Amino acid sequence: MPEGHSIHRLAAQFNSVFAGERLAVSSPQGRFAAGAALIDGEKLEAAHAHGKQLFLEFSNGLVLRVHLGLYGAWDFGGDSTFRGSSSIGAPRRVGEREMYDDGAPVAYSGPPEPVGQVRARLVSSHGWADLRGPTACEVLTGAERDAVVGRLGPDPLDPGADAQSFIERVRAKKTAVGTLLMDQSVVAGVGNIYRAESLFRQGISPYAPGKSLSADEVQALWQDLVGLLQDGVRDGRIVTTRPSDRFEPEGAAAATDAHYVYQRQGQDCRVCTAGIRLDDMGGRKLYWCPGCQQ
DNA sequence: GCCCTATGTTAAA
DNA sequence: TTAACCTAGGGCT
């Protein structure tokens with residue numbers, strides 16, 4: 001569900017509300033009980049994101065790795081201190097579908113009774129975070145964390161990312177670029193929406209073999225991903241349309257105005273006269289415009 | 001209530 | 001290439 005921008009927002013959220021705090025870690029659902037015991041009572045030193053992976057570094061050197069997968073989400077809550085320190089507003093949920101407090105004061109006397117399947121719960125003196133439905137939630141050593149990161153491609157949200165390695169990885173293969181963009185060892189953090197939208201914006205056919213693209217084309221694709229993902233971190237949602245290509249150019253983009261091709265199959269392209277297509281690519285839905293993406 | 005879907009990944013065949 | 005897995009919300013009956 002969440003693409004890389006959501007995970008970077010989560011890392012910022014953990015850093016602002018929990019960093020430096022000692023956390024009680026538990027698994028109300030039970031499936032993470034053994035892992036929780038390894039970090040329960042430790043201090044959260046820092047949170048980091050690489051692509052769709054979230055790493056929480058604890059004072060005993062262990063690292064909690066969380067991957068939200070398709071449906072995972074974190075819910076947050078706490079007192080006014082906790083809510084006020086949030087770096088991204090006062091969200092109740094970050095991940096799948098973000099929700100925000102309306103600003104009204106909320107009585108706080110500790111975390112609520114877990115409702116449903118809470119895999120992991122982190123509690124500080126001022127607030128709490130619940131994790132539901134992740135693909136991965138495990139405790140690693142620093143070396144194991146390094147190994148995970150080592151298997152990932154560069155992250156467009158990492159200021160020190162090696163764009164050249166992305167360009168080389170794409171141009172080394174005859175695999176379709178639409179498939180390569182979904183490969184986290186090629187580029188980390190891109191998912192189905194950014195895949196479809198960036199290829200549209202760059203006028204690249206998702207079926208073009210990586211090998212067939214020029215270095216300049218792949219460089220431009222990288223730069224576009226950097227900007228799109230940064231916008232996603234800032235906005236907490238994925239908006240890829242330029243205002244002039246929207247039906248309503250004024251104000252924030254409506255949900256129906258946020259994308260060029262994603263979930264617009266059968267509708268007219270915003271730019272040319274073609275109809276947006278929906279194909280299956282590697283078991284995932286591929287949205288593209290046969291007119292703009294030759 | 002039931003069926004479907006979803007911004008994802010991994011293991012088995 | 002296919003199936004399995006994790007969960008919640010929306011649309012339908």
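On a predicted model such as this, the values are computed, not experimentally measured, just so you know. When reading the values below, keep in mind they use all heavy atoms of this one structure, side chains included, and skip hydrogens, waters and symmetry mates.
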message: On the nucleotide C:dA8, are OP1 or OP2 found under 4.0 Å from the side-chain N or O atoms that A:R132 carries?
response: yes
message: Using the ring-ring contact (aromatic ring centres under 6.0 Å, His included) criterion, which residues pair with A:H259? Sequence neighbours excluded.
response: A:Y262
Point-to-point distance, once rounded to the nearest 0.5 Å, from CG of A:L122 to OG of A:S26: 8.0 Å
- prompt: To the nearest Å, how far apart are A:E138 CD and C:dC6 P?
  reply: 15 Å
query: Is it true that A:R121 and A:D75 make a salt bridge, defined as a side-chain N closer than 4.0 Å to a carboxylate O?
result: no
message: Once rounded to the nearest 0.5 Å, what's the spacing between atom CH2 of A:W222 and atom CD of A:Q164?
response: 10.5 Å
query: To the nearest angstrom, how far is A:E3 atom CD from B:dA6 atom P?
result: 13 Å
- prompt: Quantified in whole Å, what is the C1' atom distance between nucleotide C:dA8 and nucleotide B:dT10?
  reply: 22 Å
Interatomic distance where CG belongs to A:L286 and C1' belongs to B:dG8 [whole Å]: 16 Å
- prompt: Tell me: CG of A:D75 to P of C:dC6, nearest whole Å?
  reply: 19 Å
- prompt: Expressed as a whole number of Å, how far does the C1' atom of C:dG9 sit from that of B:dT9?
  reply: 22 Å
message: Using whole Å, what does the distance between atom P of nucleotide B:dC4 and atom CD of A:Q263 come to?
response: 18 Å
- request: Using only side-chain N and O atoms of A:Y262, determine if any of them is under 4.0 Å from OP1 or OP2 of B:dT7.
  value: yes
- prompt: Which value, rounded to the nearest 0.5 Å, describes the distance between A:E3 atom CD and A:L228 atom CG?
  reply: 10.5 Å
message: What's the gap between B:dC4 and C:dA4 when it is taken at their P atoms, as a whole Å value?
response: 16 Å
message: With rounding to the closest Å, how many angstrom separate the P atoms on B:dG1 and C:dC6?
response: 23 Å
statement: Whole-Å distance, A:N192 CG to B:dT5 P, equals 15 Å
query: Going by an N to O cut-off under 4.0 Å, is there a salt bridge joining A:R65 and A:E144?
result: no
query: To the nearest angstrom, how far is A:I193 atom CD1 from B:dG8 atom C1'?
result: 12 Å
message: Considering every strand and a 4.0 Å limit on heavy-atom distances, what is the contact class for A:Q29: base, sugar-phosphate, or nothing?
response: sugar-phosphate
- line: The ring pair (Phe, Tyr, Trp, His ring centres under 6.0 Å) partner of A:F82 among A:F18, A:W128, A:F14 is A:F18
- request: To the nearest Å, give me how far apart CG (A:L228) and P (B:dT7) are.
  value: 17 Å
- request: Kindly say if A:R31 contacts the phosphate of C:dC6, meaning a side-chain N or O under 4.0 Å from OP1 or OP2.
  value: yes
Please enumerate all protein N or O atoms sitting under 3.5 Å from an N or O of nucleotides 9-12 of chain B, with distances to 0.1 Å.
residue, atom, partner, partner atom, Å
B:dT9, OP1, A:H67, NE2, 3.2
B:dT9, OP2, A:K52, NZ, 3.3

